[in-house]
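Single-structure report; data block below.
Below, chain A is the first sequence line, B the second, and so on; all start at residue 1. Since we're looking at a predicted model, the values are computed, not measured.
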Amino acid sequence: MIKGIKGVKDLLPEEAPRWHFIEESARRWATRYGFREIRIPIFEVTTLFARSIGASTDIVEKEMYTFQDRDGTSLTLRPEGTAGTVRAYIEHNRAAIPVPQKYYYFGPMFRHERPQAGRLRQFHQFGVESLGMADPRADVEVISLLWRLLSDLGLPSLTLEINNLGSTSDREAYRPRLVEYLKIQVTGLCTNCQRRIETNPLRVLDCKVPECRARTEAAPRLGDSLSDAARSYFTRVLAGLDAIKVPYALNHRLVRGLDYYNLTTFEVSATNLGAQNAVGAGGRYDGLVETLGGPQTSAVGFALGLERMAMLLPESVTNSVPQDVVVYIAGFGSQGTDIGFKLLEELRISQVSAVSDFRSTTLKAHLRQADRLGCRFTLILGDDEVVKGTAVLRDMVSKTQYDIQLSSFLQQIKPFLACS
RNA sequence: GUGGGUGUAGCUCAGUUGGUUAGAGCGCCGGAUUGUGGAUCCGGAGGUCGCGGGUUCGAAACCCGUCAUCCACCCCA
């Protein structure tokens, strides 16, 4: 048996309503905030991701699905959505458009990681990118959209954490101070963190090992190394969140894994989601457009993990989905079978959802299938009825049956369907 | 890439210190009802015990390997 690829899941019809519910909410909220959908390719040239995400990040170093095109060009299945969106923004000269460019997208992302709870090799994100506004209100607007969407879905026990990463130069000034401190504490840190001191010292602050957390409690803080500009910008973001009553918690340890973030960074996490508890995250990325060859452009955005949202979504949401097929055609016998098949088509053309199981040859079998499919009505049509020029419409709930004249089939059946 | 758990019927799982024909519940099919679904009763079908070796008179069980899957590390949505 040929099986699906490790870490790549099928979404079966039973689960589709949950996803529709999430996607419709996301669309509705994004539209309310003035974001418009953008659809970008699932693969791009490899250098786009290497340059934007950062050459030394885990994503680029070991998690990308990269392959050669026929002419030798290196292509990569997108591991995230921001890079492609920014590429499209530059390529289509969207900076020349006088209104802010605010986009949202849905789609699969690909990272070659070991699968676990809430982590897949092909997973799906909903993301937004707000391009062109260097104003704290743009950050607030994006965070607010994120929070309102998640609240609207009724996802339980979420917390929004926020931090100020400052500018690139702020971090460059801070880094040696942190490294100096960590080297003194080195023996008390876990082996991972000992390695991180060289590779990614900011990550040590985000380590989950209690010993490491204790050792870094007294470490110099990035917040103390920030420029006045970065500091005041962040203050205004927080004031904006306060003004519109979006609840947040400051977390000076919060670090993002992608290189392009600066200033505002944030993450929404959930309890009861396993070890991978981040539902959505994002931040400001003012330098990225320029890095990729576009004009200097301020930008802020976030991405949400749809699988993780689906895991958190209460069961009740799926149960409230209305039945979508209403009529079952039970045509049997030599003539009933043929006429039933024609009536099936007639109903569909006149906008009625109708089904039949062509394997069933007896009335009993037909009714059983009608029941399983949850159809409200069954149209019974055997040779006896054909001879009389009628059919029997059975209400599956009340069990009452009505004779329908085949000569005016649609006119007679419509009133029953309307009041169901 | 590293570690741990789990692989037995369509699904969820039993299976005694290794013992002869591998079970249950649910589901499925049929009958009771020659043209009336769900409920009930009766009957039936369905299994390379993940795969490959090994130990043994005998392996679903023990050993080795391998694959799949889940969880965790790492990292992230």
**Prompt:** Over how many whole Å does the gap from A:Ile5 atom CD1 to B:C67 atom P extend?
**Reply:** 17 Å
**Request:** Under a 3.5 Å limit for both distances, which nucleotide forms a Watson-Crick or G-U wobble pair with B:U55, could you say?
**Result:** none
**Message:** What residues from residues 278-286 of chain A pass a heavy-atom cutoff of under 4.0 Å to RNA chain B?
**Reply:** A:Ala278, A:Val279, A:Gly280, A:Ala281
Pairs: protein N or O with nucleotides 1-4 of chain B N or O, under 3.5 Å:
unit_1, atom_1, unit_2, atom_2, d
B:U2, O4, A:Arg114, NH1, 2.6

**Asked** Less than 4.0 Å between a side-chain N and a carboxylate O, is that true for A:Glu44 and A:Arg87?
**Response** yes
**Complete:** Across every strand shown, the nucleotide meeting Watson-Crick or G-U wobble geometry with B:A9 (both distances under 3.5 Å) is none
**Request:** Quick one: look up who B:G1 pairs with, Watson-Crick or G-U, both distances under 3.5 Å, and put none if it's unpaired.
**Result:** B:C73
**Message:** Taking any heavy-atom pair under 4.0 Å as a contact, classify A:Leu120: base, sugar-phosphate, or nothing.
**Reply:** base
**Item:** A:Tyr105/A:Phe126 under side chain to side chain contact (heavy atoms under 4.5 Å, CB included): CA gap, chis, key distance, verdict
**Value:** CA-CA 6 Å; A:Tyr105 60 82; A:Phe126 164 73; over 6 Å; no
**Fill in**
Across every strand shown, the nucleotide meeting Watson-Crick or G-U wobble geometry with B:C28 (both distances under 3.5 Å) is B:G44
**Complete:** With B for base contact, S for sugar-phosphate-only contact and - for none (protein heavy atoms under 4.0 Å), nucleotides 35-46 of chain B reads BBBB--------
**Request:** Let me know the distance between CG of A:Asp357 and C1' of B:C29, rounded to the nearest Å.
**Result:** 14 Å
